Structures are given as structure tokens and as C-alpha cells.
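Below is one structure, written out as C-alpha cells, with a few remarks after it.
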Amino acid sequence: MRADAPRLHVVGPLGPQRGIALSILAVVYWAFAGLAVIASAMCITRRNPLASALWLVQTLFCVAVLFTILDAPFIGVLQVLVYAGAIMVLFLFVIMLLNLGRSSGDLKGLVAAAVAAVLGAGLLFDLQPMAHAAPPDAIMLPAGALDSMLVHQGVVGAVAGPLFETYLVPFEITSLLLTAAVVGAVVLAKRKL
Amino acid sequence: MHLVWLVPLLPFAGFLLNGSLALAGSRTKGVVSFVGVGTLVAAFGVAVYVVLDLARSHPAGPVVFTYWDWIPVGTLQVSAALQVDQLSAVMLLVVTGVGALIHIFSVGYMHDDDGYARYFAYLNLFVFFMLTLVLGANFPVTFVGWEGVGLCSYLLIGFWFEEKVNADAGKKAFIMNRIGDFGFLVAMFLIWQHTGSLDYGAVFAQAPTALTMGGGVATAITLFLFLGCTGKSAQIPLYTWLPDAMAGPTPVSALIHAATMVTAGVFLVARTNVLFALAPVSQAVVAGVGALTALFAATIALKQWDIKRVLAYSTVSQLGYMFVGVGTGAMAAGIFHLVTHAFFKALLFLGSGSVIHAMHHAYHATHSHEDAQDMRNMGGLSRYLPWTCTLMWIATLAIAGIPPFSGFFSKDEILGAAFARGTAQPLWYVYWALGLGAALLTAFYMTRMMRYTFHGPNRTGSREETHLREAPAVMTGPLVVLAILSLAGGVLNLPSLMGGTAWLERWLDPVTAAGAALVPAHEVAAGTEWTLIAVAVGIALVGIVAAFRLLDLSTLVPAKSAPGETGLGKLLWKKWYVDELYDAVVVRPILWVSRKVLWRVIDVGIVDGAGVNGAAATSRVLGWLASRLQTGELGFYAVVFVVGVVVVLSRALR
Amino acid sequence: MNLDLSTSQGLMIGLLPELVLTVWGLVLLAVVAWRHKTPRDLRIAGWITLAGFAASAAAVWWLWWNRVGAGGVTPMVAVDDFRYVADWLFLGAGALTVMFSFAYLERESLLAPEYYVLILFATIGMMLMAGGEDLIVIFLGLELMSVAVYVLAGIDRRSPRAAEAALKYFLLGAFASAFLLYGIALTYGATGTTNLSLIGLQVASLGLAHSPLLLIGLGLLLVGFGFKTAAVPFHMWAPDVYDGAPTPVTGFMATAVKAAAFAALARVLIEAFSQTAAWHNIVIGLAVLTMVVGNLVALAQRSLKRMLAYSSVAHAGYLLVAVSAGSGNGSAAVLFYLAAYGLTSLAAFALVAARGRGGESDLQIDDLAGLSTDRPWLAFALTVCMLSLFGFPGTAGFIGKWYILLATIAAGNGWLATVLVLTSLISAGYYLPVVMAMYMRPVPFANAHAGLRFGRLGLVA
Amino acid sequence: MFTGWTLAVSAILFAIGTMGVLLRRNAIVIFMCVELMLNAVNLAFVAFAQRLGVAGQIFVFFVMAVAAAEAAVGLAIILAVYRHKETVDLQHINLLKG
Amino acid sequence: MYDHLVLTILLAWPIVAAAALWLVPEGRAKHVAFVASLIEFAVSIPLWWRFVPSGGMQFEASVPWIAGWGISYHVGLDGISLFMVLLTTFLVPLSVLGSFSYITKRERAFYANLLVLTTGMIGVFIALDLFLFYVMWEVMLIPMYFIIGIWGGERRLYAAIKFFIYTMFGSLLMLVAILGLYFVVASRTGTYSFDYAFLLGHSTGLGSLAWWFFGAFFLAFAIKVPMFPFHTWLPDAHVEAPTAGSVILAGVLLKMGTYGFLRFALPFFPQVALHPTVQAAVVALSLIGIIYGGLVAMVQPDVKKLVAYSSVSHLGFVMLGIWALTLQSVQGALLVMINHGLSTGALFFLVGMLYERRHSRLIEAFGGLARVVPLLATALTIVSLSSIGLPGTNGFVGEFLILIGAFRTYPWAAGIATTGVIVAAMYLLWALQRVIFNKLDKAENEHLPDLSWREVAVLVPILLGIFWIGLYPKPILQRMEPAAQHLIDVVRPGAQAALR
């Protein structure tokens, strides 16, 4: 993985050192943030599952962009590959398979909508402190620290390093998890018992 | 004297023997009657010995025999102890003596009854308890006898329990007595609390100092005691059980409901004369209730047709006299009347017993189901039962108070005492007057009874007439003895006025002295006394004569064809509707409240229904409702979930 | 001996039980891939699984015997007695489940040896949950467990009920784990770490007790765990899933899964949030709700299995009471109660499985009538189980409740203890009818069935 | 940069995802909404990572793995249900209730 | 040797016997059980002589049980518990004997339950460790539950579960209270212990906590007694239970409540127990129990229900006696606890015998039995009389002591309570009349067999007891007196200290 670091580096950290003014970045950020919200809203409100799925893909892309802006280009790439690429394809495949494609709407009634709205609002209200909350200064890195780290260790390396050292155990667990998932999927999919 | 324990024990042994014979279902009447009568006669013998012994040694105070510690708890020390003194001696003789006679009579009377053994067992047991009552050396032991005799009367009234009325009568008697016993118990509590003892000796010694003269405590104690007496001795308001008690065999009526048990109340007042002496109010109440009862019962007796009921009410009325006596403070007079009354009333009852015996046989022979006790079915019996007739006339004159019969002396002493007290407290004049009235009525209804029963044309029925027979010797024998006693009983306490020595009074002196010392003696001039006597005798004669004049025997018809009473007559015949009143005011309400309110509403309805099962049902309903929320729809689950999230988050942030 | 988990061999030793089980699982997987046709294969797989549990348990025992510990703050996994006991618990529950499954799988002809593989993986997940010293490890462990159990719930593919159960469990489970994950994220954001002890230290040193991020994170964590522990109002899935899933799996869920969730919850709250008072009242609130609702609704059940499902909700309430004590006693009580309750209810579910045929989910309580004459031992065992679940003195259940009451009252929550006993009084209202049905109702018809061998199991409870 | 705002966005996305779950009847779509929520979480992780170090990004990596696993199993389950019911509409999937 | 082991033997033997029952054939079970219970009784008899009235707690045995929690197996006897134990060991053989023909199905299980029950009851009376006490208190619950539920009448299920939950309700709260006390005391003294004496020594000055604890104890015991509003489990349980069950219920189980008051509630929390309000409440409830119980009993159509309500009335006397706290009243209460065990036990035996002959418990099903079954009728009469407290029988001594003692403390209450003797006469005599007197008007009753020798053997010991206590209670009173005195000495000052 270390090998292909430079190539990725080209895509690499957007940011001050490329000399693009912060303001532009801000514009881009806001554009994609807004788009993400809108797309997700569409995703949950489209009657047609297929449409929802596509809007979800849309959301995922936007989020991927946000990742990149937030100094996580590698994750952004993964997002596109794994999520938009693999997982969503899986979803679409299943939707097609069960040809829910043209199934006329699976939205619930107005009551449900109202309830959903109220609860969603309630949830937002509870989460709203987050907006103006930030990690305690004592443990915050100086601005741009992560960015420079990426520059030095490479986009992948910065992530891969700790993944195979500090986070070895979780990493192994994920492998186990995936195995279990595969076994499970197989069991459920087997024609006969 | 130390043999006194034998006196109650002999009848008890008899009870055990006969009782086991009864349970064994043996029909051997010989053994039974031997045991039953034998123990009583033996007891009488021992009693006589004991009394003679007492008379000889003539101790200052009562002689107490303590047998074992009964209820020893801390400062409350009750021992199983008997005490012999002059008062208990008198009762001892009356109970065993009259008792023995009645036992003998019963041998004949109950001869054909298949409950023969059971009968004698009960009778013996009764005598045992009665003796415990009179011999007890402290309140609790007396109370044992007190409730014991109640039990026996319950058993004997309900002796023929197949008839619901009999069983009812027994129950009624016991419960009414229990009401009285409630008073007795509370009195005991008070006494123990204020004198610290329940032994007669200690209590009476303590009382004058421990209780203030006329104080609330003394009054309370004595009133509660008297409540007990009204129950046992059938005084207003608790008298209604006694007439019903006639449901029992006639000898039982004679022994328990005339001669002995019912006089227990009088005995108790005499026994506790010290306490009563300390409570003038209570004395007034006792005498007052006694006088009222005497008159009231007498009025009812006027219109009764059942020969035994007449006697029953006369008993109630005579008991009233005794209470006037003891209430007035003339203990000796009260006891005197108690004794004489025991004689002549026993005689009357046994006499009526032999009448009923005869009637019963007559009807039995002809298989007719007429009432063998209804005087309207009798008449002219003197021809068939000459002995009974004459003997009963003696008793009648005695009870009417005609000299020289015993009743005359005793009744006269009571009236005299009441009048004498009246000089100090005018209230007693009223009592005296009431007493006179009662005397008049007594003379009247007794004569009425005798005439309806023995004289005029016979109404038993032509076929039955032929079967009427005088009772066997074993029954008439006791009658004769009793007749002699009621004839000569007066000598027991011949007043000095008539050259007598007032023997009984002096004999009882050791017992009554303490009480008498507390109340000022009331004397009246000899002249006044003579006039009083004249008045009393005159009244009695008037009553008798009136009975002869007013009552027309020829118009009388047998019970089945007799017309119903009307007006005052009906009121009297219906006993002033007192039973109905009690039933409506006490019995029914209690039953109704218990069944409808306490049980159905409160217990089943509220406590159990609303409370217990209510709680259970509520939780079930709640559970059911909650389980309805489990719609099986995932969407809804998610909603609940998110609601939970919102709540938890907002709680976390506060 | 003292481990240094930063070195790889230290890590190996520290994770020995999990490693053993993992390796075993892979081996089993291989075996299954090669033999998965006949009932015999099924049995073989089962026995291998049991052996695996035994081996892992031995490893745990070895760690415990050598007093293996790790000083100070350990990365990723904790090495302490709490974990050992919990591991034993899971292994034991797993083993018992496997034993019950033998007869069951054959009777229902569920010829899927993968069943055992999944149970094995699930158990690993649980062990990681109980042993995880890092929120991420706990989360991944939980996912590992969940994924396996989702499948187990739906493993009987001929049964629509099972499928529905699986779906409900899965959808809500994923939903819930999103919340849990968000909680982890915010906690990380608030403290800069996901290591439990470090979180605790940070909260203490930086005075974050009132940081909104942390509090929201805490709330979301509680929600996430609340779901797995089936605490009201996050319990709605439990009855349906317990009802629909194959009975041995239900037993497994009601005991092992619940146990794992509680173990993790206790560890997180006590190690990371001991300084954050906010959770006490929330947990107490959840506890009361859970006890009341669980017991009341159980009262309304006629189906034995569903009744047991609700009763397990109620028991979650009791456990939450113990957790709320937030003390050493508390977590000891949690573990002991989990052991006692787990044993008992596993036995109960096993007896249900033994009694029922086909869809034993429709086994009504009244259907047990006359069981006592029919199969005395089964009846006796079930009686003992019921009494133990009710917490009657002399049974394990009583000791468990006793521990909880001790902890609660020691924590000064007398009223909470009172609520506990009163709600458990309600539970008599649905445990006793089972006993009554068996002993006191006349036998409707002679219904004999396999499963007498389960009778003994009641005795241990 | 943008930390606070990003958190806000993530919160919004999360809320929208939740609403989606409450709003939809189709199992697959609901599952997609869950994925949406996971993404919101990821966004938060990344935002924090920017200020707290790379660990946050690693968590995102794990989350994706989990998402993949869940997707595999979840879709398999949905298929299984569909095989019984011929629908994935949750309003018609309620054998188990009460 | 005997002194140290006797209680443990009494506790263990029934369990052993119960287990042994499974080794003998179903048909033999009753005989084995009878012998076993006789042995139990025999073992307990020497207590009577070896007991030293002034010796306080005796026959003690104490072994650490769960040392970590300060739980120990600690048992002992004093003048209060001695007679409860003897009563139990006395009644159990009789109930076994009385069930010979009554119990026909699952005999083995029945007698096993009965024996286990015995252990539970004895355990309650001798436990000197609150944990042990609680455990025993519950242990006796299950066998009783089964006895009612399996061998009971038509509504046995309802009665059984009602009995169980009712009792549990109180005892669970009591458990919380016990634990609370344990911790409070521990937090003060630093020692964690459930030992009776220890807790008693440190239970003073609890302040408001005492009210909560007392409340819990009170509820638990009041339900068992049962006092007025908590009594409704009793009629159902009594009516549905088989004869032996009713006998044990009335004879022993109810006493566990009053015993609890004497042993725990009063000594532990005198300041609450004797607080004017509480006093007033308890006395009022007792009076209600006495009168109300009697009146409701009077109108019961079912003999067993009648007896059940009469129990409410009798236990009302006991509560009054206990709270009056005079030497007389307390000893009276103890005596009535015994008397009620004998009289009501005998009543239930007789009702059971009638039921076996006639298969009905309704009063109107009988009438005129005195002719047909004189022995039974006589026994019934004697027992009823003892139950209404006729002097010369045990009933009188007890009630007399209670009332005369209570009269010192609550004159009015005692006065009202005394009317209870009237009510008692009303309901029992009326019932007696309708059962054995009146006309024998039902054909079914005409050929009822009289008492068999076995039944006589069941009744005679009780009748002897009735008269013995009625005529010579001194030996019993002597053995009680120091214990009663001690109780008063403990409670009164404690209360005054707190109330001052």
C-alpha cells in the first residue's frame, strides 16, 4: 500500500499549500454539505425504492467529498469504492431482483409522517448542542496538524500505520466479522437445508 | 367441713357415669336412676354434714379451701378454691335438697323418654355447676359455675332438640345469659383493677377502703354485676328467655328455672352485698328493676294459657321480689324468699308436671295431638289428680302470701323492708306499691290457674277423660315433701314481731354484717308493720276472691276451638310484644347488617373485591393493554424506540 | 503474572481464549464445509463446538489460575476477573445451548451445521464485548455477535415466523447499532479516546462531566445497550424475536446475548463513566419501566414461550437495578444474577423445546396440564425453574435477587428495592400458573413427548 | 475547520436517516436509511479526526466493514422473508405480535 | 448433648422423613409419615422438662453459615417459641392421622409436603438469625401452596395462588426491611450480621427509618395473623384446603404472624409500635377483627368459612393482648395462640370428618346429627364450647387473661372486646344448633357412621388438652411468664424513651 502513496498524493490533500483560497473551499464545502442534506431528504421521501437508492448514492458521493475536504481523502476514496461502489450496488441488485422497481410508493400515511417529523425534530433538538460543541482544547491538535501529517506519512500510510499497530485487534475482529457474515449469508441463501 | 369438695364432686361423678352410659347408648334405666338420684342424695347428706359442722364450729369468717393455683399470672392470682359460709350453706341445702327431690320426681316423669341417661347426666352436671357457683371462693370460680349452669340449662331446654323451637329456646337462653356474663366479666375486670384481687375475702376486705362510698367505680362494678344478674335471673330487660325455657322437661323447669339457677343472681347480689352497700344508686336500680319486673311479669301471667308459662312468669315476678329485697339491703329477706320460693315454686312446677304427665298420657292413649299444657284443655282435674290438686293449692296459697304459708312471711319481709327504706328514701314507697300490685296480680293469676286446671267441667275430651290418672308415688312423694316445706318454711325466719327469732337473719349475719354496717338500718314501728301485714294479706285475699268472682269456667272452650284474644287481653297474651320488639330492633338488624353489609359489601365487595382481586384484575388489564401495543409492526416499534431515544437524550442533557 | 499488551505475545496471551475459539471456529468451518449432509455430521459439528468451548474455557481458567493481569491502562482488551467470569458465563451458556440443540435440530431436521459455527462466532463476539477495554472493540464484538445471531434467529428457513423474527431483529438491531455507534463517535469527540479507562481519566482530569458531547454520547450509548439488553422502551423487538426464533436460539438470546450486553454495559458505565452521574437516574428509570412493563405484559401471555420472553424482559429490569448501583457489588450482582438467571431460563426454554413439537411457539401454558403425572421429572424441573425465576428462597434465582437487593440497598436505593420486590411479586402471577397447570389441573389427554432427559437441568437451577 | 458545522450536518443527516426509518415501509429502504445514519456517524468521526488525530478515520474504516457485513446478512434475510411473503412491506409482516 | 442438638434434629428430621417417603410404596406412605411425625413429637417432648423458665434463650445452636454476609445458622427457644414448637409437633401427627382416609390421591407427595411444612414452621419459630427466619418463612409457603392447590376443593387454584401472593406481598417487603435494617446497623457498628440479638441490640434510634421498617414487618405479620383488612385470603384458603391443611393453617401458620409481632416487630421498633397513633390503629383493627369476624362468621353458610372467620375474631383477641403489653394480657395472648391451635384445629378436624361422611360443608346440609352420630356431636359441642371460651375449658383462661390484662391499658377497648364473647356464643351455638340439633330431616344424614377409632384417637388428645389448659394452665403459664415479662421490659422502656 505504501507504494501507491505518491499517486494518491496527487489527489491528495487539498488545502492551503495548493494555494486555493479558503473561501473557495468553503463554497465547495457548503455546496456539497447542502447537496448531501437535500439528497438524503429526497432519499427518504421518494416513493420509488429505486429512486431512494439512487438519491442515497448521491448522498454518499457528497459525503465522500466532505471527507476529502476534512483531510480524509483516503476515507473519501473508500467511501466511493466500498459504499457507492459495492454496497449500494448490492442494494440496487436486490431491489431489481425483487423488482420493487416500480412498486408504487412505500411511504406511510400522513400520521406516520407527522410522527416521524415530530420525533426527528425532537432528536435534532437533542443533538443541537453538537453544533457549537467541540473537543476540549486540551486534547485538540493545532489546526492543520493532521493535514501536514498526511503530507509526511502519505494519505494511506497515515491511516494504515495505526490500523496495523494500535488497532490490530479491531482489524482482526472485522475480518472475523466478515467471515461470520459470509457464513450467515450462505446459510440463509442455501436452497435447501 | 373439709369434705365440702365431695358435694359438687358426687354429682359430677354421676354426670361422668351417666354421660358415658348415654354415649354408650345403654337403655339400662335402673343404673342410670340409681346413679343420678344416688349421687344427689349422697351429696345432700354430705351437705347436711358440712352445714352442721359449720353450725357447730360457727367460724367468724368464711372457711376457704384452696385446692390448686388455677390462673396464677403476676399479680393476678386465681386459685381453684371453695368457701363455706352461712350463705353458701343455705344455698347448699336448697340446691342439693330440692335437687334430690326433683331427681326423684324425674325418675317417674322421664321414665319413658329414650334420652333418659342423657337427661340425668345433664341434670347431675347442672347440680355440679350450681354447687360450684354457690361454693366458689372467688369471682372466677363462681363464674365457672355461673356459665356452667347456663350451659346445662341450654342443654336441658334443648333436651328435645328435634323440635326447632326447643333448640331455639336453648340458644336464646344461653345467648341472653352471655349478655349478662359480659357484665359479670367487666365487673371482674373493674374489681381486680381497683382492689387487686378477685378472692371474695380480699375484695370485701379491700372494698370499703379501695372504693369510695357511692363512687363511680363502685356503682359501675355493681351495675355490671347486676347486668349479669338480670341475665341469669331473668329480670328486665333480659327476662324473655325464661318463659321460652319452659320448652325443657318440667322437672328441669322446676329445678333450674324456678328453684336454683335463676336465683343465682339474687345469690350473687347477696354474696357481694358489701359492694352493693357501697353503691346506693345501684341498690335503687336493683330494687327498681326488681319491682318493675315483679309487676310486669305478673301482668303477662294473667293471660297465659300454657300452665307452665303462667308459672314461668310468676317465677320472673317472684325473682323480682327477691331483687327488691336484696336491693333494699334486706339480704336475709331476699334469701328467705329465695328459699321459700324454691319450695313452693318447685312444688308448683312438679305439680304442673304431674298434670302434664297425666294429660300427656291421656292424649297419648288416644293418639290425639292436643296441647297437653294448655289449661283450656284441662279443667276439673281435681277429680283425677286429687293429691296433685291439694298439694298445689298449698303452694298457691304460699305464693299468694296467705298466712301461715311460707310465702307470706318471706314476701311480707321484703315489702316491709322496702317500706322501711321508704321512710329514708321515698323512692322505695313506689317500689313497695309496685310490690303490692304484683302481690294482687299474683294471687289472682295463681287462683285463675288452679281453677282452670282443677275445677269446673273437664275440657280434655270425653275419650281422653277416661285415661287421666294420678301420677305414681315416686312423683307424688317429692310433692308431699315440698308441700310440707312450703307450708312450714316460714319458721325458718319467723320475725321477732310474731315471737320468732328471725333465725335465718341471724344465721346469715356473718355474711351480711359487713354490708349492713355500711347502710343505715331502717326500722318502722311495730304498729306500722302490723298494718302493712294486714294490707298485704288483704290484697292477696282480694286477688283470690276476684279470681273466683270474675272468672266464669263454664264459658271456657278447648284450645282448638278457642277464639283469639282481643284488645288488652291480646296485648298481655302476646307478652306486650317484647319478643317481637327485640327481634325487630336487635336480632334482625344484626343479622341483616352482618350478612348484607359486613359480609357481602365490605368483605366480599370492598376488601376482597375492590382491594385484592381488584389489584389483580387491574394488573391483568394493564398487562393486556400493554400487550396490545405489541402490534407486531416494526414501524411502530421504531417509533417507540425513537421516543425512548428522545427522552433518554433530554434526560442525559439535564 | 503481568502482561504487556503492547507486545504481540502479550496480546496473544491476553486474548488466548478468543484466539483458541477463533481457530476452533475456522477449523469447524472447514469441517462443516466438507461434511454437512447427514444428522451425523450435525452431531459431529456439535461435539466439536463443545470441545471448542471446553478448550476456550480452559484457556480462561489458565489465565485466571495464573492471576494474569495487566497493570495500568490496557489498550483494547481488559485482563481482569470480570472478564474471566463473564467469559465462563458465555461459554457455559453456549455449551448448554449446543447441548439442547442436538435433539432439537434433529427433530426439526434443521440440517445446517453452520448453526454451530455461528454460535461459536457469536460467543467470540460476546467474549470481546465483555473483555473489550475499547469502545471500538466492544462495538465490533457486538456486531460480530449480532450478525451471527441475526442469522441464527432466521436459520429455520421453512418457518415464516423465524424469517420475520430475523428481519425484525436485524432491522432494529442495525438501527440501534447506528445509535450506539453515534454514541461512540461523540464520546470519542468529547474525550479524544475510545479507551474506557482513558475516557474515565479524561473525564476526571478535564472535568468533562457536563460536556454536552459526552452527555449526548452517553445517552446514545445507553440507548444502544438498552436495545441489546431489551430494556423498555427499546424492548419491543424482544418478544417477537424470542417467539419466532427456534427455541434453543431463543434461550441463547435470552441468556448469553443479554449477558454480553449487560457485561459490556456494566464495564462501560463503571470504567468510563463512573465520574459522570447523569446515567444513574436514566438507568434507574429504564429499570423501573422495564420491571413494570415486562412483568405486567407477561401476566397477559398465554403462550409459554412468549411468557418467558416477557419474563426475560422483566429480568433485564432487575439487572438494570443492579447496574444502577454502579458499584463493585453492583457488577458482581450483575454477573451472579446473569449466571443464575441464565442457567434457569436456559433450562426453562430447553424444557419448552422438549415439550413442544413443531412450532412450540404455540405451546400454551394450559397445555402443560397433567404434566406432573405424565412426566414427573420434567414437571418437577420446570417447577424448580419457575420458582427460581420467581426468586424463591433456596433457588439460584433467590441468591441472585438477594445480591441485587444487597447492592441496591447498600447504594441507598431502598425504594428501588421495594419496586423490585413488588414487581417480582407480580411475576408470581404468571410463573405459578405454570406450576398449577402441571400439578393442579386434571390431565386432559395423555400427551407424551421426548425430552425427559432435560428434567435434570431444572435441578441445577 | 468546519468542525462544528460538520457535526451539525452529521446530526441533520442522522436525524433524516431516523425519520426515514420511521417513514418507510419497505424493509430495504429502511435498511438504506440505516446506512444513511451510519454515514452521518462517519461524518462525525472524520470531523473529530481532523482535530483529534487519525484514529477517527480508522473508525470510519471499521464502520464501513461493519456496514458491508450487515448489508450481506441483512439482504440475505430480506430475501428469505421475501421468499415466504412475496413482499418486503413491513406492514404485511406481523405474524408475531401480542 | 440433647440441648444442643434437639432443635437441629427437629428441623432436619421431617426433611429426612419426607425424602424417605419416596422409598416406600404409595400405600405405606401415610403410616411412615405418621411414625415419623410421632418421632418428631417424641423428640420435642423433653423440651417441656429441660426448659428453664427463667433461662431466656435456650437449646441454642449457632454455626456460621455465610460468614461473608454475617449469616449464621442460629436457633434457640424461649418461653414464647417453646409452646409454638410443641404445638406444631403436637398437631402434625394428628393431622397426618386425620388425613388417612381424607387423602386418596398422591398420598406420598401429600405427606412429604406436610413434613416439609413442619420443618418450615419449626424453623420460623426457632430461627434467631433474620436471614434464616426469612428463608424458613418462605419455605413453609410452597408446601402449603401445593397442599391447598393439589388436594383442595373446587376453587383450590384461586385459593392457592391467593394465599401465595398475599403472603409473598408482605414477606417480600419484610425482606427489604430486613436488609435495610442490616445495612443501617452495619453502617453504624461496622459489623455485618443478621443475628437476632445483635440487630436487636442496635435497632434503637432509627428515626423515621424505623417507621418504614416497622411498616414492612407489620404488613408481613398482619397478613399472616390475619388482621382485619388483610384477612380475605384466610376464608378461601381454609375452605379449599384439605382437613390437614386447614388444621395446620389455623393451628400454626396464623400464629407465625402473632409470633412475628412478639419476636420482631415489637422488640425491634417499640417506639413505633407503641406510638399513640399506631397503638390506636392496632387496637382499633383488633376490635374490628373481633366483632366483625364474629358477625361475619355468624352468617356464613359454609362451616369452614365460619370457622375461618372465627379465627379472625380469635386472633383479634391475641393482637389486643399483645399490644396491651401487660403481663396478663401477653400471657393470655400466648395462651390463646395455643388454645386457638387446639380448638380451631379440632373444629377443622370435625368439619373434615363431617365432610368425609357427607361430602358437603354447607350448614343446611346437616341437622339433627346428635341422634345419628352422638360421639361426633359431643366432640363438636365440647370443642365449640371451648372455642367460645366456656370456663373450665382452655378458651376461657386465655380470653380472660387477655381481657383482664388489656383492661388495665385500654379499658374501653377491653370492654368492647368483651362483647366478643357474646358474638362468639351467637355464631357458634347457632351453627351448632343447625348442625347437630333440630330435626333430622335429610335422608342422606340418617345412616352416617359415628366416629371411628382412628378419629377418636385424633380427637381425644386435643380434648384432653382443652380441659387440661382449662383447669390447670399453671405449668404453661409458669414457663411463659419470664419470657413475657422480658418482652414487656424490653418494649415498654424502649417506647417511653423514644416517646419522651
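Just so we're clear, the structure is a prediction, and the values are computed from it rather than from any experiment. Chain letters run A, B, ... following the sequence lines, proteins first, then strands; residues in each count from 1. The figures here come from the full heavy-atom set of this structure, side chains too, leaving out hydrogens, waters and symmetry mates.
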When rounded to the nearest 0.5 angstrom, what distance separates CH2 in Trp402(C) from CG in Leu175(E)?
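Trp402(C) CH2 to Leu175(E) CG: 6.0 Å, rounded to 0.5 Å.
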So, taking the atom named CD in Glu138(E) and the one named CG in Leu387(C), what distance separates them when rounded to the nearest 0.5 Å?
11.0 Å
Please look at [X] and chain C and tell me whether the side chain, the backbone, both or neither of the residue comes under 4.5 angstrom of a heavy atom of that chain.
X: Phe131(E); value: side chain
X: Tyr145(E); value: both
X: Phe169(E); value: both
X: Trp151(E); value: neither

For [X] and [Y], which heavy atoms make the closest approach, and how far apart are they?
X: Leu157(E); Y: Met436(C); answer: O-CE, 3.1 Å
X: Met440(C); Y: Arg156(E); answer: O-NH2, 2.7 Å
X: Phe392(C); Y: Met168(E); answer: CE1-CE, 3.4 Å

Step through the shown structure and confirm whether more than 12 heavy atoms of other residues, nucleotides or ligands are within 6.0 Å of CZ on Arg28(E).
no
Just wondering, more than 12 heavy atoms not from Trp64(C) lying within 6.0 Å of its CH2?
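No, not enclosed.
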I'd like to verify something: which residue of Val184(E), Leu173(E), Val135(E), Ile150(E) has the highest number of heavy-atom pairs under 4.5 Å with chain C?
Ile150(E)
Heavy-atom cut-off 4.5 Å, strictly under: side chain, backbone, both or neither for Tyr431(C) against chain E?
neither
Toward chain E: residues of residues 404-428 of chain C with heavy atoms under 4.5 Å
Leu405(C), Leu406(C), Ile409(C), Ala410(C), Gly414(C), Ala417(C), Thr418(C), Val421(C), Leu422(C), Ser424(C), Leu425(C), Ala428(C)
Residues in residues 308-322 of chain C near chain E [non-hydrogen atoms, under 4.5 Å]
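From residues 308-322 of chain C, none sit under 4.5 Å of chain E.
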Taking side chain as C-beta onward, heavy atoms only, is Phe146(E) less than 4.5 Å from Thr383(C)?
yes
